[in-house]
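Just so it is clear: chains get the letters A, B, ... in the order the sequence lines come, proteins before strands, and each one is counted from 1.
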Amino acid sequence: MQTYAVIDFETTGLSPNFDRAIEVGLVLVRNHEIVETYSELMDPGFAIPSHITSLTGISTSMVRGKPKPEKVMPHLREIVGSYPCVAHNASFDRGFLAAEMRRAGIPCQPEFVCSMLLARRLVQDCASHKLGMLVQHLGLATPAGMRAHRALADCLMTVELWRCLMERVESQLPGYVPDPGFITKLSRTPKAKVDAFLSRAAAQVCS
DNA sequence: TGCCAGGCCCTCTTTAGGGCCTT
């Protein structure tokens with residue numbers, strides 16, 4: 001994973017079939033450095049529920065006149081390219097990306113890896129694995145002047161979290177650059193067996 | 001009007017149920 005895209009959607013709710021994306025954030029990371037950032041508000045075509053405005057700060061008036069999600073997806077597809085995507089609770093963002101790309105008529109099914117699943121394995125001493133709680137627990141930097149639950153702010157926090165998680169993996173596998181397949185396997189390894197999994201991987205690296 | 005999700009994990013489980021996490 002020399003290059004990967006961290007992606008985050010703010011939406012009108014939890015269901016990709018009934019709800020729509022109202023903001024997307026994307027950070028492209030290459031060789032541990034941020035090389036591109038992108039965020040865009042989108043008009044879902046209906047009023048944003050009040051509880052979503054309370055959570056995100058994004059109101060109906062803020063998205064009025066903004067492009068529809070299907071107008072934003074082509075540019076998003078262009079940036080993501082064929083890079084693997086990182087997201088916190090990736091099944092959620094993967095579902096909305098797939099739904100909005102489908103509405104836009106664009107084939108786009110990038111590989112996803114999940115920072116939440118990985119954090120559950122590698123940060124087992126944190127009581128909660130919400131993004132904000134993990135960032136606080138690990139003492140990671142938060143984007144100055146940016147509100148949490150906005151797409152780009154959450155992307156930047158996920159970048160910090162992901163770097164931290166990768167440092168933990170690489171500290172046990174010196175010289176090894178984790179690929180999405182390896183991360184997926186690690187993310188699906190039972191918590192109690194994570195150390196054994198990494199030990200086996202280290203043995204393979206050294207052999 | 002009110003409701004609409006889904007993958008993963010844990011346990012009082014596996015012929016299930018409930019919590020976490022995303023918005």
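Nucleotides B/dA16 and B/dC12 have their C1' atoms positioned 11 Å apart, rounded to a whole Å. To the nearest whole angstrom, the two C1' atoms, one in B/dT15 and one in B/dC21, are 28 Å apart. Taking atom P on both B/dG18 and B/dT13, the two are 13 Å apart, rounded to the nearest angstrom. With C1' as the reference atom, B/dT23 and B/dG17 are 24 Å apart, rounded to whole Å. Of the P atoms belonging to B/dC4 and B/dC10, the separation is 27 Å, rounded to the nearest Å. If you take atom P in B/dG2 and the same atom in B/dG6, they sit 23 Å apart, rounded to whole Å. Annotation: B/dG19 and B/dT1 have their C1' atoms spaced 29 Å apart (nearest Å).
Mapping A/Thr189 and A/Asp8 onto DNA chain B by nearest heavy atom places A/Thr189 at the nucleotide closer to the 5' end. Residues A/Arg188 and A/Ser15 both approach DNA chain B. Their nearest nucleotides, taken by heavy-atom distance, put A/Ser15 toward the 5′ side.
For A/Arg150 and A/Glu10, the salt-bridge test fails: no basic side-chain N is under 4.0 Å from an acidic carboxylate O.
Note on A/Asp93: nothing from the nucleic acid sits closer than 4.0 angstrom, heavy atoms only. Counting non-hydrogen atoms under 4.0 angstrom, A/Phe96 reaches nothing in the nucleic acid.
Within the 4.0 Å cut-off from OP1 or OP2 of B/dC8, not a single side-chain nitrogen or oxygen of A/Lys191 is found. For B/dT23, neither phosphate oxygen OP1 nor OP2 lies less than 4.0 angstrom from any side-chain nitrogen or oxygen of A/His51.
Per the geometry, CZ belonging to A/Arg120 stands 10 Å off P belonging to B/dC20, to the nearest Å. The distance between atom CG of A/Asn17 and atom P of B/dG6, rounded to the nearest whole Å, is 6 Å. Whole-Å rounding puts the A/Met116 CE to B/dT23 C1' distance at 14 Å. As a whole-Å value, the separation of A/Phe18 CZ from B/dC3 C1' is 8 Å. Nucleotide B/dC20 holds its P atom 15 Å from the CG atom of A/Leu14, rounded to whole Å. Atom C1' of nucleotide B/dA5 and atom CZ of A/Arg20 are separated by 16 Å, given to the nearest angstrom. Counting to the nearest Å, the P atom of B/dG7 and the CZ atom of A/Arg94 are 8 Å from each other. Summarising the geometry, the separation between CD1 on A/Ile22 and P on B/dT22 is reported as 16 Å, rounded to the nearest angstrom.
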request  = I would like to know whether A/Glu100 and A/Arg20 meet salt bridge (Lys or Arg N to Asp or Glu O under 4.0 Å); could you show each step before the answer?
outcome  = CA-CA 8 Å; A/Glu100 294 298 2; A/Arg20 299 298 302 270; 2.9 Å; yes
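Of the listed nucleotides (B/dG6, B/dT22, B/dT23), B/dG6 has the atom at the smallest distance from the side chain of A/Ser91.
Near DNA chain B, meaning a heavy atom under 4.0 Å away, the residues from residues 128-147 of chain A are A/Ser128, A/His129, A/Lys130, A/Leu131.
In this pair, A/Phe197 and A/Phe182 present their aromatic rings tilted. The plane angle is within the 30 to 60° band.
Side-chain contact of A/Thr56 with A/His149: a donor-acceptor pair under 3.5 Å is absent, judged by distance alone.
In this structure, the side chains of A/Val29 and A/Thr3 stay at 4.5 Å or more apart for every pair of heavy atoms.
Under the 4.5 Å side-chain heavy-atom criterion for Ile, Leu, Val, Met, Phe, Trp and Tyr, A/Val113 and A/Ile79 are members of distinct hydrophobic clusters. Cluster annotation: A/Leu97 and A/Ile22 are assigned to distinct hydrophobic clusters (Ile/Leu/Val/Met/Phe/Trp/Tyr, side-chain heavy-atom contacts under 4.5 Å, transitive).
Ring centers of A/Phe112 and A/Tyr4: at least 6.0 Å apart, outside the cut-off.
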